[in-house]
Each structure stands twice: as structure tokens, then as C-alpha cells.
Amino acid sequence: MSRTVITFGTFDVFHVGHLRVIERAAALGDRLVVGVSADELNMRKKGREPVFSQGERLAIVAALKPVSEVFVEESLELKREYIQQYAADVLVMGDDWEGRFDEFKDICEVVYLTRTPAISTTALIEKISGGN
Ligand code: C2G
């Protein structure tokens, strides 16, 4: 039987940390579905607009070889619905979210993967805007 993995993220200013988590998530099953957070969700969550729009972020993630399907994550509160809608067997998140999604262990496996060290969208934005 085929195993569906689901993961979520903003994936703004796409970098190798994003790629690694997507590759490792895909390796846990046969089909990887990725929820890419909506611009509006980002404004609510981080108080700033992403550098790349949700359409651009979706296009980048959808073009990756390990990704089978993408959708727009409209709300953090809809995780259970998304897991059910995509019939996910495994929910994968980076360990910055450790423990936060344990409530879904009743409907799927929940796996937290170690983040790739020393790289983040925020650090990249600072580096680029600082010019060093
Ligand atoms: N990530 C990673 N290593 C990094 C940076 C990010 O493994 N150096 C992982 C994060 O842990 C996450 C994914 O890449 O699993 C996407 O990261 P973000 O774009 O920062 O996602 P976030 O804003 O945390 O959105 O519903 C949950 C949210 O949509 C998650």
C-alpha cells in the first residue's frame, strides 16, 4: 500500500534547508504533499509579507522532484482537515515545531526532523540586505 507524507511550510527565499527537509520527508513514503502557507497566514504568523508571493512559492515547491502535490495552507488551525483530505499517513515537520503537532498522533504518524543548521530565511534576508 502506498504511504502518503504531508508537510507544511512557508518556503520563502527557498534554500537548501528547505530542500533537505523536503527530501527527507519524501523518503519516508511514496507520495509527498506539501502545504505552502498563504501570504495572509504569513502576515498573521510573522507580521511581515513573504519576499516571494504564495503563487511563486507554490510554483517553486511544486517543481521539486520529490514533491507530488502542493496546496495553499490557509490556516494553522486546519491541519487535521488537511491531513484527512490528503489521506496522509505521516505528518513531517522540522524540529523547531517539536511536540506542537502531537495531537494528530491519533490519525497519523508524526515525525519531527532535525533542522539544517546555520541557514534560515531571516538570516539570508539580513545577509542580502546588509550586503556582506
Ligand atoms: N527548515 C529546516 N532547516 C532550516 C530551515 C527550515 O529543516 N534551516 C524546515 C522547517 O523546520 C520547516 C520547513 O523547513 O519544516 C519550512 O520552513 P519555514 O518556511 O520556515 O516554515 P514555517 O514558517 O515554519 O511554516 O503549518 C506550519 C507552517 O506553515 C510552517
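One-based numbering, in listed order, for ligands and for the atoms of each.
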TODO: Decide if atom CD of Q85 counts as having more than 12 heavy atoms of other residues, nucleotides or ligands within a radius under 6.0 Å.
DONE: yes
TODO: Please determine if T116 has a nitrogen or oxygen closer than 3.5 Å to a nitrogen or oxygen of ligand 1.
DONE: yes
Open item on the list: I need the contact type for K79 against ligand 1. Using non-hydrogen atoms and a strict under-4.0 Å cut-off, is it side chain, backbone, both or neither?
Closed with: side chain
Open item on the list: Test of understanding: given a 4.0 Å heavy-atom threshold, classify the contact between L76 and ligand 1 as side chain, backbone, both, or neither.
Closed with: side chain
TODO: Give yes or no for whether the N/O distance cutoff of 3.5 Å, strictly under, is met between S37 and ligand 1.
DONE: no
Task: Test of proximity, D12 against ligand 1: N or O pairs below 3.5 Å - done: no
Open item on the list: Evaluate G94 for polar contact with ligand 1, using N/O atom pairs at a separation under 3.5 Å.
Closed with: yes
- [ ] Identify whether V110 and W97 are in the same connected component of the hydrophobic contact network (ILVMFWY, side-chain heavy atoms under 4.5 Å).
- [x] yes
TODO: Quick one: sort the F8 and F71 rings into parallel, tilted or perpendicular, breaks at 30° and 60°.
DONE: perpendicular
TODO: Could you tell me whether R115 and D95 make a salt bridge, using a distance below 4.0 angstrom between a side-chain N and a carboxylate O?
DONE: no
TODO: Report, in ascending order of atom number, the atoms of ligand 1 lying under 4.0 Å from any heavy atom of V21.
DONE: 7 (O), 9 (C), 13 (C), 14 (O)
TODO: Check ligand 1 against D96 and write out every atom of the ligand that is under 4.0 Å from a heavy-atom position of the residue.
DONE: 10 (C), 11 (O)
Task: Presence of salt bridge, K79 and E73, under 4.0 angstrom - done: yes
Open item on the list: On a heavy-atom basis, I'd like to know which of M93, R115, K46 is closest to atom 23 (O) of ligand 1.
Closed with: K46
Open item on the list: Before you tell me yes or no, could you show the steps for R3 and D89 under salt bridge (Lys or Arg N to Asp or Glu O under 4.0 Å), namely the whole-Å CA-CA distance, both residues' side-chain angles and the distance that decides it to 0.1 Å?
Closed with: CA-CA 6 Å; R3 215 163 114 93; D89 302 289; over 6 Å; no
TODO: Starting from atom 24 (O) of ligand 1, locate the nearest protein heavy atom and write down its residue, its atom name and how far away it is, to 0.1 Å.
DONE: W97 NE1, 3.0 Å
Open item on the list: Return the closest protein heavy atom for atom 19 (O) of ligand 1 as residue, atom name and distance.
Closed with: F11 N, 2.8 Å
- [ ] Considering only non-hydrogen protein atoms, determine which one is nearest to atom 29 (O) of ligand 1 and report residue, atom name and distance to 0.1 Å.
- [x] E73 OE1, 2.6 Å
TODO: For the residue pair T116 and R20, confirm or rule out a side-chain donor-acceptor distance under 3.5 Å.
DONE: no
Open item on the list: Looking at K46 and D12, is any side-chain nitrogen of the basic one under 4.0 Å from a carboxylate oxygen of the acidic one?
Closed with: no
Task: Protein residue, atom and distance nearest to atom 22 (P) of ligand 1, heavy-atom basis - done: T10 OG1, 3.7 Å
Open item on the list: Under a 4.0 Å threshold between the charged nitrogen and the carboxylate oxygen, would E109 count as salt-bridged to K105?
Closed with: no
Task: H15-ligand 1 polar pair, N/O distance under 3.5 Å - done: no
Task: Nitrogen or oxygen of I119 less than 3.5 angstrom from that of ligand 1 - done: yes
TODO: Kindly confirm or rule out an N or O of K45 lying under 3.5 angstrom from an N or O of ligand 1.
DONE: yes
TODO: For the residue pair S37 and N42, confirm or rule out a side-chain donor-acceptor distance under 3.5 Å.
DONE: yes
Task: Where ligand 1 meets F8 - atom numbers and elements under 4.0 angstrom, heavy-atom basis - done: 26 (O), 27 (C), 30 (C)
Task: For F104, ring pair (Phe, Tyr, Trp, His ring centres under 6.0 Å) partners two or more places apart - done: none
